[in-house]
Amino acid sequence: MSMIDKNTTRKEAAALVRDGASVMVGGFGVPGTPFILIDALLEQKPSNLTLIKNEANEDGMGISKIIEAGMCRKLITSHLGLNSTVIGMMNEKKIEVEFHPQGILAEKIRAGGAGLAGILTDIGIDTIISEGKTKVEVNGETVMVEESLNADVALIHAAKADRMGNMVYEKTARNFNPLMASAASTVIVETEEIVETGTLSPDEIHTPAAFVDHIVVIDNLTEEYGVLQSHVIQD
Amino acid sequence: MSMIDKNTTRKEAAALVRDGASVMVGGFGVPGTPFILIDALLEQKPSNLTLIKNEANEDGMGISKIIEAGMCRKLITSHLGLNSTVIGMMNEKKIEVEFHPQGILAEKIRAGGAGLAGILTDIGIDTIISEGKTKVEVNGETVMVEESLNADVALIHAAKADRMGNMVYEKTARNFNPLMASAASTVIVETEEIVETGTLSPDEIHTPAAFVDHIVVIDNLTEEYGVLQSHVIQD
Amino acid sequence: MSYKTKIAKRTAREIGPGQVINLGIGLPTLAMAYLPEDMPVLIHSENGILGMGRACRNGTEDRNLIDAGGGYPEIVKGASFFDSALSFSIIRGGRLDAAFLGTLEVSMNGDLANWIIPGKFAPGIGGGMELAQKARRLIITTTHTTRKGEPKLLKGCTLPLTAKACVDRIITELAVIDVTEEGFVLKEVAEESSVDEVVQKTGAPLIVPDENSIPTF
Amino acid sequence: MSYKTKIAKRTAREIGPGQVINLGIGLPTLAMAYLPEDMPVLIHSENGILGMGRACRNGTEDRNLIDAGGGYPEIVKGASFFDSALSFSIIRGGRLDAAFLGTLEVSMNGDLANWIIPGKFAPGIGGGMELAQKARRLIITTTHTTRKGEPKLLKGCTLPLTAKACVDRIITELAVIDVTEEGFVLKEVAEESSVDEVVQKTGAPLIVPDENSIPTF
């Protein structure tokens, strides 16, 4: 089985993201955000992107850099609470932002990965986010159609991957990564460590190799991966 | 945290299943089927049950014994290919059987656990299983509403659990177990091994403790858990 | 004692042994510091933790371990990590005994408005709607009035709703108030306050069961 | 060579290095024995395996490790186990390069009927509908005719459908036939057979591109 080896360079990986592409980006805050793949994208400079991510990272970090560089037309996200720059760009209509409840965003992506057309939910039913959404009756209750989300490319961060693409995430760096890894046509993984195929325990693999197209090994983590001092409690 | 201990006896666990209850039972074939909890149910003798399981085990094994004992009114399942007894009972209308595509059955249960009203899918759209199902248009495509499934009780088999209810499954014994563990009001787990809380790795827990209500430790596996000689290749 | 400490201490008393709870960002999170050290409770965080502990201090932070607000928590024995889909299955599936959220407004029928001020504040939704709609018990922790002194507890919300008829209890620096079918009911008054003050600062009718026997906190 | 061996050997040649495939119960599974030993291929099983190997022999069976048909398989390096939801995400999400299924009938527009004979055989659905509808390529492995000698390849299916217009290729002991927009097209003929026999035993028009240059197998 040693012939399956999905290793590639960050430059080749970034070249797979075309102008106008939809791109899912893993991460919830710093953990699980593929900062080095994002930096490769910044160098590649595709334009007119639709980004799908839980949040926009914080000002000057991660996908905020892509948005600040004007490469992103639309952002599909859950909240921007910690990023005043992107909120400002949204208010100035420099970027279109589509908000979803966090778990519904997760389910829409998961549904895309699971080959479903969508899910039915009552979340937000009595609020403005229900406006314009298709309603269905299920057991006498009115629920909303939330269509599944897919993307051209997913950028994923793993703690460990084998050469075939089996992945393991660490702690809260898991978040949206396994969902997005299932929902994109081309799945690019950056991994902190690559191991020989067969060394990960089959019961402990979080994302099976079938979902992964390309693997980029990141040897030296940039500063962005570290503990964010602004969130550390100072006694 | 040592105060949380969900340990109970098989007898007390079985008594939680009332006449007329809906009961999800983990397992796909032998692996993951909670045979000892099923035996406890046979002794308890609740009647008029609705059982939800991938298949009906094989003749004279697992939930087939409950069905053969006349305790089951309705079976929601994917296929009965290896159980001629239950197929016979179905044909003689001694039991009502509702069939779903295997992955749709899994998704309906998962949707129940995820607090969704249902999912939208095109699986079976051009077949007799689409008859009578609500249809919705999503992006110009006609898809079906598959309502979520919940149950009063789930009977789950784990390889290992800690006292708080975190669980780990082994190999193909995982199957429907994590899905059903999320979708029932009362979740009863039989585990081959109980370990002290804190000894399972947080990244490798398959089902978090929040889903589990009661744990039964099974010390001596019955014969049913073993390799089925009828499926072993004889050279 | 600051108003934050007052609210946090009282909030901590809502949490019972064996419960699975979610503490929203801000005021609710502060309650964690006032839980008994040995309280067996499983604290959930939307980003994929069950079994969150107190905030890290003194350099014990882990770059891969944050809470939903971006802080660095410890974890307890028996903690687990999972993806965002499973995380919200715990919420929407009804496995949270209680959720605690801050707010902008609450109405007397339990409507919650805490995510948008048209034209001023619209950072997105996060997990708030799902916590509000699906926790078995929703407790709001908030200052009793806005910074301008205007009531946050109202007959009807003026801001876009987060969720309808979802609030069970409100804990402020002045009072503990339940939302019932009859409207707001005063359950406790702060030692530093009075029934009169609470009634005056509440923007809707407040049922006071027996003025002389309202417990203090 | 038995008809089973004939079909299994030819089926194995459909599988390329690096592919993710699912081999249905029965005839398709037999193909595994004819894959080159070192072929890097990931075989999926509905019950939660990616990276299934050959059938266990001589007591190496593991009570916790079966395939979707109940047999005891080995696993290859790089195999993983997962739950039934993720297992079918691989199928419905389009990550299977090919699926191989047996059948009762196939129609010339690619309809598949393999799960029910009204009044006689209705054991349920299993994973068949999802494999048929969602694999990138669906290959049917079957005897060319029923035990009674009646054709299984028809103008239109008479039995309830498993899925509409889903079949790409049919491999029998007599021929390899593709389903195209024009109908059935003969691609290969078994050494033991002839174009005439295949045409005669096929219950629908069969396009024969050039009778003298049809490859044999």
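In what follows, every chain begins at residue 1, and chains take the letters A, B, ... in the order their sequences are listed. The structure presented is a predicted model; accordingly, all values stated were derived computationally and were not measured.
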Task: Part of D/Gln133 within contact of chain B (heavy atom distance under 4.5 Å) - done: side chain
Open item on the list: Give me the atom names and distance for the closest heavy-atom approach of D/Phe88 to B/Gln102.
Closed with: CZ-OE1, 3.3 Å
TODO: Could you tell me which portion of B/His100 (side chain, backbone, both or neither) has an atom closer than 4.5 angstrom to a non-hydrogen atom of chain D?
DONE: backbone
TODO: Determine the minimum heavy-atom distance between B/Ile123 and D/Met129, stating which atoms define it.
DONE: CG2-CB, 4.1 Å
Open item on the list: Given 3.5 Å as the limit, does a donor-acceptor pair link the side chain of D/Glu61 with the main chain of B/Val227, or not?
Closed with: no
Task: Contact check, side chains of B/Tyr169 and D/Asn64, non-hydrogen atoms, under 4.5 Å - done: no
Open item on the list: Any salt bridge linking B/Asp122 with D/Lys134? Criterion: basic side-chain nitrogen under 4.0 Å from a carboxylate oxygen.
Closed with: yes
TODO: Tell me, for B/Ile104 versus chain D, whether the close heavy atoms (under 4.5 Å) come from the side chain, the backbone, both or neither.
DONE: both
Open item on the list: With a 4.5 Å cut-off on side-chain heavy atoms, are D/Leu65 and B/Pro31 touching?
Closed with: no
Task: Gap between atom CZ of D/Phe82 and atom NE2 of B/His206 - 0.5 Å precision - done: 12.0 Å
TODO: Tell me, out of D/Gly69, D/Gly48, D/Gly70, who's got the most heavy-atom pairs with chain B below 4.5 Å.
DONE: D/Gly70
TODO: Considering only NZ, NE, NH1 and NH2 on the basic side and carboxylate oxygens on the acidic side, decide whether D/Arg63 and B/Glu192 come within less than 4.0 Å.
DONE: yes
Task: Contact class of B/Glu170 relative to chain D, heavy atoms under 4.5 angstrom - done: both
Task: Residue part contacting chain B, namely of D/Thr162, when any heavy atom lies under 4.5 Å - done: backbone
- [ ] Let me know if D/Ala68 has heavy atoms under 4.5 Å from chain B in its side chain, its backbone, both or neither.
- [x] both
Open item on the list: If you count heavy-atom pairs within less than 4.5 Å of chain D, which of B/Ile87, B/Asn54, B/Val232 leads?
Closed with: B/Val232
Task: Rounded distance (nearest 0.5 Å) linking atom OG of D/Ser87 with atom CZ of B/Arg174 - done: 11.0 Å
Task: Those residues of residues 127-150 of chain B, ordered by number, that approach chain D below 4.5 Å (heavy atom to heavy atom) - done: B/Thr127, B/Ile128, B/Ile129
Open item on the list: Please classify the contact between D/Leu86 and chain B as side chain, backbone, both or neither, with a heavy-atom cut-off of under 4.5 Å.
Closed with: neither
Open item on the list: At a heavy-atom distance under 4.5 Å, which candidate from D/Gly127, D/Ser84, D/Gly124 has the highest pair count against chain B?
Closed with: D/Ser84
Open item on the list: Using heavy-atom distances under 4.5 Å, tell me whether B/Pro101 contacts chain D through its side chain, its backbone, both, or neither.
Closed with: both
- [ ] Heavy atoms only: give me the nearest D/Ala55-B/Ile233 pair and the separation to one decimal.
- [x] CB-CD1, 3.2 Å
Task: Winner by heavy-atom pair count (cut-off under 4.5 Å) against chain B, out of D/Ala113, D/Ala122, D/Gly128, D/Gly126 - done: D/Gly126
Task: For B/Glu107 against D/Ser89, the heavy-atom pair lying closest together - done: OE2-OG, 4.4 Å
Task: Closest heavy-atom pair and its distance - B/Arg110, D/Ala85 - done: CD-CB, 4.3 Å
Open item on the list: For D/Asp62, which atoms come within 4.5 Å of any heavy atom of chain B: side chain, backbone, both, or neither?
Closed with: both
Task: Pair B/Thr172-D/Ile49, side chain to side chain contact (heavy atoms under 4.5 Å, CB included): steps then yes or no - done: CA-CA 7 Å; B/Thr172 60; D/Ile49 314 175; 3.4 Å; yes
- [ ] For D/Thr29, enumerate each residue passing the side-chain hydrogen bond (donor to acceptor under 3.5 Å, both in side chains) test, keeping only those at least two apart in sequence or located in another chain.
- [x] none
TODO: Would you sort out whether B/Asn175 and D/Asp83 count as a side chain to side chain contact (heavy atoms under 4.5 Å, CB included), showing the intermediate values?
DONE: CA-CA 4 Å; B/Asn175 56 66; D/Asp83 67 37; over 6 Å; no
